[in-house]
Participant: 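Below you will find the structure I want to go over with you.
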Amino acid sequence: MEMFGYVTANLAELDKDQRQRYSAIYCGICRQIRSRSGNVARLGLSYDMAFLALLLEESETCSACPRRCMVHPIKARPCADASAALDTAADYSVILTWWQLRDGVADHGFWKGLKYRAASWLLNRAYRKARAAQPEFDESTRRQLQDLAALEHENCDSIDRVADTFARLLAGAAEGIEEPVRRRVLQQMLYHLGRWIYLTDAADDLEKDLKRGSYNPLALRFS
């Protein structure tokens with residue numbers, strides 16, 4: 001399930017203020033991951049989470065201040081101040097990284113799976129903290145990935161069924177939004193984004209999966 005990293009901004013289409021906000025949100029999530037879950041957990045952060053935080057953020061503005069970090073120790077970069085949206089995105093990042101690693105353990109043999117086992121062991125403490133903060137999202141993610149694994153095990157050739165399972169996982173990220181109309185809109189948006197991510201990943205991995213004999217719904221559906 002190496003499906004994250006697809007959702008990034010087209011920076012050429014953003015003005016200076018928009019680019020600065022996007023970068024500040026990303027750095028803000030990274031900072032919140034360190035604060036809430038420790039440094040190791042920051043390694044799993046991707047720009048997908050910056051997009052999610054922008055969706056979850058209720059304000060259209062972003063308060064930020066220049067900060068340095070171990071990646072940018074000399075020149076300070078704009079970093080968004082802590083907010084509920086950043087906290088949520090930070091926890092979701094850790095949870096999704098954990099389950100991605102566990103999926104890697106399940107998909108590989110003992111020797112090839114060692115790197116996934118080692119990484120998940122290092123992330124275990126951070127994952128437990130994130131799970132305690134977001135138990136519903138963690139349970140939803142576990143359940144959808146369990147369903148997805150079952151479909152893959154039976155070599156399901158229905159593109160819709162497998163894509164729907166991953167889409168429901170992503171739609172679960174909007175469950176914590178209190179306002180019902182906004183929650184429903186974001187659930188639908190994330191659901192269809194999830195379908196797109198799953199199918200795009202399957203298309204990208206098609207040649208590799210054919211050589212390895214790994215599960216790929218496109219290969220089964222179109223022979």
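Because only heavy atoms are used, hydrogens play no part in the values below, and waters and symmetry mates are left out as well, while side chains stay in.
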Participant: Treating Arg34 as the side-chain partner and Asn39 as the backbone partner, does any N or O pair qualify as donor plus acceptor under 3.5 Å?
Facilitator: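 No, the answer is negative, given that no donor and acceptor are paired below the 3.5 Å cut-off.
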Participant: Would you say CD of Glu136 has more than 12 non-hydrogen atoms from neighbouring residues, nucleotides or ligands within 6.0 angstrom?
Facilitator: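 Not more than 12 within 6.0 Å, no.
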Participant: Could you please spell out the steps behind the side chain to side chain donor-acceptor pair (under 3.5 Å) verdict for Trp99 and Asp138?
Facilitator: CA-CA 9 Å; Trp99 284 111; Asp138 176 70; 2.9 Å; yes
Participant: Please check this pair: side chain of Asp205 against backbone of Lys208, looking for a donor-acceptor N/O pair closer than 3.5 Å.
Facilitator: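 Not confirmed, Asp205 side chain does not pair with Lys208 backbone.
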Participant: Backbone N or O of Phe137 within a donor-acceptor pair of the Gln134 side chain at under 3.5 Å?
Facilitator: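 Not a single qualifying donor-acceptor pair exists.
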Participant: Take Gln187 and Glu175 through the test side chain to side chain donor-acceptor pair (under 3.5 Å) and record every step on the way to the result.
Facilitator: CA-CA 8 Å; Gln187 282 176 334; Glu175 284 292 339; 2.8 Å; yes
Participant: So how far is it from Asp87 CG to Gln32 CD, rounded to the nearest 0.5 Å?
Facilitator: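 Interatomic distance, Asp87 CG to Gln32 CD, rounded to 0.5 Å: 5.0 Å.
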Participant: Between Ser120 and Arg117, is there a donor-acceptor pair closer than 3.5 Å when you use the side chain of the first and the backbone of the second?
Facilitator: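 Answer holds: yes.
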Participant: With distance as the sole criterion, is a donor-acceptor pair present between the side chains of Asp81 and Ser63 under 3.5 Å?
Facilitator: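 Ser63 and Asp81 do have a side-chain donor-acceptor pair below 3.5 Å.
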Participant: To the nearest 0.5 Å, what is the distance between CZ (Phe166) and CG (Asp201)?
Facilitator: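 Phe166 atom CZ to Asp201 atom CG measures 8.0 Å (nearest 0.5 Å).
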Participant: Under a single-linkage definition using a 4.5 Å side-chain heavy-atom cutoff for Ile, Leu, Val, Met, Phe, Trp and Tyr, are Leu54 and Ile33 assigned to the same hydrophobic cluster?
Facilitator: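 In one cluster with Leu54: Ile33, yes.
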Participant: Drop me the distance from Thr165's OG1 to Arg143's CZ, to the nearest 0.5 angstrom.
Facilitator: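 If I round to the nearest 0.5 Å, the distance is 11.5 Å.
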Participant: Kindly say whether Leu210 contributes a backbone atom to a donor-acceptor pair with the side chain of Ser214 at under 3.5 angstrom?
Facilitator: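 Not a single qualifying donor-acceptor pair exists.
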Participant: Tell me if the centroids of the rings in Tyr22 and Tyr47 come within less than 6.0 Å of each other.
Facilitator: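 That pair passes the under 6.0 Å test.
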Participant: Decide side chain to side chain contact (heavy atoms under 4.5 Å, CB included) for Leu170 and Leu52; before the verdict, give the C-alpha distance in whole Å, the side-chain angles of both, and the deciding distance to 0.1 Å.
Facilitator: CA-CA 10 Å; Leu170 214 58; Leu52 178 61; over 6 Å; no
Participant: Once you round to the nearest 0.5 Å, how far does CZ of Arg19 lie from OG of Ser23?
Facilitator: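 Arg19 atom CZ to Ser23 atom OG measures 10.5 Å (nearest 0.5 Å).
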Participant: Going by heavy atoms in the side chains, are Cys65 and Arg67 under 4.5 Å from each other?
Facilitator: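 A side-chain contact exists here, since the closest heavy-atom pair is under 4.5 Å.
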Participant: Go through the steps for Arg183 and Glu179 under the test salt bridge (Lys or Arg N to Asp or Glu O under 4.0 Å), then give the verdict.
Facilitator: CA-CA 6 Å; Arg183 181 175 64 246; Glu179 205 282 308; over 6 Å; no
Participant: Between the side chains of Asp48 and Ser46, is a donor N or O closer than 3.5 angstrom to an acceptor N or O?
Facilitator: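 On atom types as modelled, these side chains qualify, holding a pair under 3.5 Å.
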Participant: With distance as the sole test, does Gln188 use its side chain to make a donor-acceptor pair with the main-chain N or O of Val185 at under 3.5 Å?
Facilitator: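 The answer is no, because no donor-acceptor pair under 3.5 Å joins these two groups.
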Participant: Donor-acceptor check, side chain of Arg182 to backbone of Leu56, threshold 3.5 angstrom: yes or no?
Facilitator: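 Side chain of Arg182 to backbone of Leu56: a pair is present.
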Participant: Side chain to side chain contact (heavy atoms under 4.5 Å, CB included) between Met189 and Leu193: does it pass, once the steps are laid out?
Facilitator: CA-CA 6 Å; Met189 185 179 187; Leu193 178 63; 5.7 Å; no
Participant: Quick one: do Leu55 and Tyr92 end up in the same hydrophobic cluster if we chain Ile, Leu, Val, Met, Phe, Trp and Tyr together by side-chain heavy atoms under 4.5 Å apart?
Facilitator: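 Result: yes, single cluster for both.
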Participant: Side chain to side chain contact (heavy atoms under 4.5 Å, CB included) for Trp98 and Asn124? Distances and angles first, verdict last.
Facilitator: CA-CA 8 Å; Trp98 163 267; Asn124 183 56; 3.6 Å; yes
Participant: Taking 4.0 angstrom as the limit, do Lys129 and Asp91 come out as a salt bridge?
Facilitator: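 A salt bridge is absent here (no side-chain N lies under 4.0 Å from a carboxylate O).
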Participant: With hydrophobic residues grouped by side-chain heavy-atom distances under 4.5 Å, do Leu14 and Val7 end up in a single group?
Facilitator: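 Yes, Leu14 and Val7 fall within the same hydrophobic cluster.
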Participant: Kindly give the heavy-atom pair with the smallest separation between Ser37 and Val94, and that separation in Å.
Facilitator: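 Looking at all heavy atoms of both residues, the shortest contact is OG-CG2, 3.9 Å.
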Participant: Please check if atom CD in Glu207 has more than 12 non-hydrogen atoms from other residues, nucleotides or ligands closer than 6.0 Å.
Facilitator: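 At most 12 heavy atoms, drawn from other residues, nucleotides or ligands, come within 6.0 Å of this atom.
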Participant: May I ask you to check whether Tyr116 and Asp103 show a side-chain donor-acceptor distance below 3.5 Å?
Facilitator: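 No, no side-chain donor-acceptor pair sits under 3.5 Å.
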Participant: Please report the shortest heavy-atom distance between Ser83 and Glu57, naming the atom on each side.
Facilitator: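 Reported closest heavy-atom pair: OG-OE1, 3.0 Å.
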Participant: Give the cluster check for Leu86 versus Leu186: same hydrophobic cluster or not, with ILVMFWY residues linked at side-chain heavy-atom distances below 4.5 Å.
Facilitator: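 Cluster IDs for Leu86 and Leu186 match.
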Participant: If you round to the nearest 0.5 Å, how far is CG of Asp147 from CZ of Arg142?
Facilitator: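 Answer rounded to 0.5 Å: 9.0 Å.
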Participant: Would Arg195 and Asp160 count as a side chain to side chain contact (heavy atoms under 4.5 Å, CB included) here? Give the steps.
Facilitator: CA-CA 8 Å; Arg195 286 179 62 89; Asp160 284 334; 2.8 Å; yes
Participant: Under a 3.5 Å cutoff, is there a donor and acceptor pairing between the side chains of Tyr198 and Asp164?
Facilitator: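 Short answer, no.
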Participant: I'd like to know if Arg161 pairs up with Glu154 as an ion pair, taking the criterion as any Lys NZ or Arg NE/NH1/NH2 lying under 4.0 Å from an Asp or Glu carboxylate oxygen.
Facilitator: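 Yes.
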Participant: For Ala53 and Ile29, work out which heavy atoms get closest and say how close.
Facilitator: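 So the two residues come closest at CB-CD1, 3.8 Å.
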Participant: Could you state whether Trp121 and Tyr127 fall into the same hydrophobic cluster, counting links through intermediate Ile, Leu, Val, Met, Phe, Trp or Tyr residues with side-chain heavy atoms under 4.5 angstrom apart?
Facilitator: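 Cluster IDs for Trp121 and Tyr127 differ.
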Participant: Between Arg68 and Ile74 (side chain of the first, backbone of the second, donor and acceptor by atom type, cut-off under 3.5 Å), is there such a pair?
Facilitator: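 Indeed, once roles are kept as given, a pair shorter than 3.5 Å links the two residues.
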Participant: Could you pull out the closest heavy-atom pair between Ile25 and Ala50, with the gap in Å?
Facilitator: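 Looking at all heavy atoms of both residues, the closest pair is CG2-O, 3.8 Å.
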Participant: Determine whether a donor-acceptor pair (N or O, by modelled atom type, separation under 3.5 Å) exists between the side chain of Thr97 and the backbone of Ser93.
Facilitator: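 Pair found, side chain donor or acceptor close to backbone of Ser93.
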Participant: Has Tyr215 got a side-chain atom pairing as donor or acceptor with Cys156's backbone, closer than 3.5 angstrom?
Facilitator: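 Flag set: sc Tyr215 to bb Cys156 pair under 3.5 Å.
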Participant: For a quick test of reading the model, state the closest non-hydrogen atom pair linking Ala64 to Ala24 and the distance between them.
Facilitator: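 Looking at all heavy atoms of both residues, the shortest contact is CB-CB, 4.1 Å.
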Participant: Find the distance between OH (Tyr26) and CZ (Arg77) and round it off to the nearest 0.5 Å.
Facilitator: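 That separation rounds to 9.5 Å.
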Participant: Return the minimal non-hydrogen interatomic distance between Leu123 and Leu101, and the atom names on each side.
Facilitator: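 Between these two residues, the closest heavy atoms are CD2-CD1, 4.0 Å.
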